[in-house]
Amino acid sequence: MSDDGWSPRALWRGFFPETPREGADAIVQNFLLHALPVRITRRALSWLASGWLGTITLHIFLVLCLTGGVLLFLYVPSIERAYASVKDIEFVVSFGSWIRGTHRISAHLMVAAVVLHLVRVFLTGAYKKEGAPGAFRPLNWWVGIMLMMLTFGLSFTGYLLPWDQLAYWAITVGTQIAGSVPLIGEELRQLMLGGDSVGQPALLRFYVLHCFVLPAFMIYLIAYHMWRIRKDGGLAVTDRVVGDARETARIAPPSPGKTYTLMGATQGVSAQASSPASLLARDSEAGGVSIVRRTIAIFLIVLAVCSLLGLLIPAQLEEPANPAVTPNPAKAPWYFLWLQELVSILTFRVGDTLVDGTLLGGVVIPGILIGLLASWPLLDKSPAAAAGVWFHPSRKRQNRVFLFLLFTALVLTVIGTFFRGAYWAWVWPWDTPHAHTRWI
Ligand code: HEM
C-alpha cells in the first residue's frame, strides 16, 4: 500500500463487488459501466438467448479499430504510393502482415456476424413493439439495419485501399451496379468515384469514408443501439420472464381501480409483488459483474480467433491496379456476389435484344428486400408473447419466408464465389482450384 492509502487491490475492488449494493454502486459510479443494467435476468444472460452475437459483432469492430489504427500510420492514400505502402506493411514492417491479415479477416467476420445477429433477432421476434413502458423495439431494429448498411459500407470502402487488381475491379463492378439506378445512377456513381472511373479522387473518398466518416457514424449508432436496449427494458427475452412469472404465479397485472392490501396481511396481491421490477428481481442477478465478465471473455475469444485467422489466412495482395487489364471474371466483394449472380441470371437474350438485369438484380430487388426488412416490425401481427422466443409457433410462416430468402441469397453467394469463371460461365471449383481464393 502506498502512503496515500492506495493499493493495487483498488483496481479490482470495483470489478468484484462483495454485495449487491456494492455491485449497483460500481455501475452507477463508473462512467463506462453505467451503461449496464444494475440487475439482469438470467435468461437474458444465457448464451442461448442471443448467442451474444451483437456483442461479438461489437468486439470484432473493436479489433478492426485497433488494427486499423496501426495501419493508419503506415498506409498512404495516393494511387502512386498506396500499393507500395501496403507491400511495405506486408513484407517490411514488423508484424505488418499479421496486423493487415487480422484487419482483413475481421472485416469479413464482421459482415458474417452482423448478418447472423440480424437472423437471431428476427427468429426470436426481438424487434416487436411490446416491452416496458416507453419501449419501442422496432426503432432498434431500424438502427440495426443502418448498422448493417454501415458494416457493408466500411467493408466495401476498405476493399479499394490496397490498390491492387482485386481492389480496383471489385470496386469498378460494385459502382457499376450503383450506376444502374434510374435517373440518378450516373450522378451517384460519379459522386462515389469523384470522376468517370476509379482513380485518385475515388481512392481519397474511399479512404476518408473508410477511416473517419463511417467509423464515426458507426460508433455513434452503436452507442445509440446499446442505449435503446436499456430504454426498451433489456433484451426482448426479459419480457418473457415477467410474462411467465405472472402466468405461473397467476398474478394479475396491477389494476388502477383496485385497492391493494396492507403488507399482504389480507387476501389479494400487492401492487409491489406484481410489478415488473419485483417479478424480474426473482430471476435476476447483479448485472455489472455478470455482463463485464462475459464481455471480457468474449473480447478475448474474438481477439484470439481474429488474430489466429489473420496469421493463418494472410490478406492477399495481387498485381498493382491496372485499368488496362480487366480480370475475367471481375467479381464484386463476396457479400455482394449474390447480387452479381442475380444480375447475371436476370440478363438474357430475347431474339436479338439483350435484357439487362443490372437494374432489376442490382437495385430493384435489393431495394425491395431492404424495404421489406425495414417494414417487417409493422407487418408482423403475431401476439406479444412471441417477442423474445425462438421460432414461436405464431411466427412459423414468416420465419419460413425469411429463411427461404436467406437461403436463396446464400446459395447465390456460393455459386458466385466458387462456381463462376471467365465470362461468368459455370465452372467446377475443383477444375479451377485457385479461382476461389480471389474472394478473400
Ligand atoms: C454493427 C452492428 C451491430 C452491433 C455492434 C450490435 C450490437 C448489439 C448488441 C451488443 C446487442 C445486445 C444483444 C447481443 O449481444 O446480441 C444487440 C441487440 C439488438 N440488436 Fe444489434 N447490433 C448490430 C446490428 C444489428 C442489426 C443489423 C440489427 C437488425 C436489423 C440489430 C437489431 C438489434 C435488436 C432489435 C436488438 C435487441 C434484441 C433483443 O431485444 O433481444 N442489431 N445489438
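All ligand and atom numbering here is 1-based and tracks the order in the structure. Every value quoted in this text rests on a predicted model; they were computed, and no experiment measured them.
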Going by heavy-atom distance to atom 25 (C) of ligand 1, choose the closest among Met149, Arg228, His59, His117. His117
Aromatic ring pairing His117/His225, orientation class (parallel under 30°, perpendicular over 60°, tilted between): perpendicular
CZ/Phe95: more than 12 non-hydrogen atoms of other groups inside 6.0 Å: no
Check whether Tyr75 forms a cation-pi arrangement with Arg100 (NZ or CZ under 6.0 Å from the six-membered ring centre, at most 45° off the ring normal). no
Could you name the option among Asp239, Leu116, Ile229 that has the heavy atom nearest to atom 18 (C) of ligand 1? Ile229
Suppose I only count heavy atoms of Leu58 and a 4.0 Å limit; which atoms of ligand 1 are within that range? 5 (C)
What atoms in ligand 1 come closer than 4.0 Å to a heavy atom of Ala236? 39 (C), 40 (O), 41 (O)
Trp52 versus Leu58: any side-chain heavy-atom pair under 4.5 Å? no
Which atoms from ligand 1 have a heavy atom of Met218 less than 4.0 Å away? 1 (C)
Atoms of ligand 1 less than 4.0 Å from Arg137 heavy atoms? 40 (O)
Assess Arg104 against Tyr159: is NZ or CZ under 6.0 Å from the centre of the six-membered ring, and within 45 degrees of the ring's axis? yes
Under 4.0 Å between heavy atoms, the region of Thr55 that gets near ligand 1 turns out to be both
What's the shortest distance from atom 3 (C) of ligand 1 to any protein heavy atom, and which residue and atom give it? Leu147 CD1, 3.7 Å
Numbered atoms of ligand 1 (with element) below 4.0 Å of Met148, judged on heavy atoms: 27 (C)
Quick check on Val114 - does any of its heavy atoms sit under 4.0 Å from an atom of ligand 1? yes
Measure the distances from the heavy atoms of Met110 to every atom of ligand 1 and state whether one is below 4.0 angstrom. yes
Does Phe61 have a heavy atom less than 4.0 Å from any atom of ligand 1? no
Minimum distance, heavy atoms only, to atom 19 (C) of ligand 1: which one of Met146, Lys128, His225 is it? His225
Please work out which of Gly388, Ala387, Gly54 has its closest non-hydrogen atom nearest to atom 16 (O) of ligand 1. Gly54
I need the atoms of ligand 1 closer than 4.0 Å to a non-hydrogen atom of Trp141, numbered in the order shown. 29 (C), 30 (C)
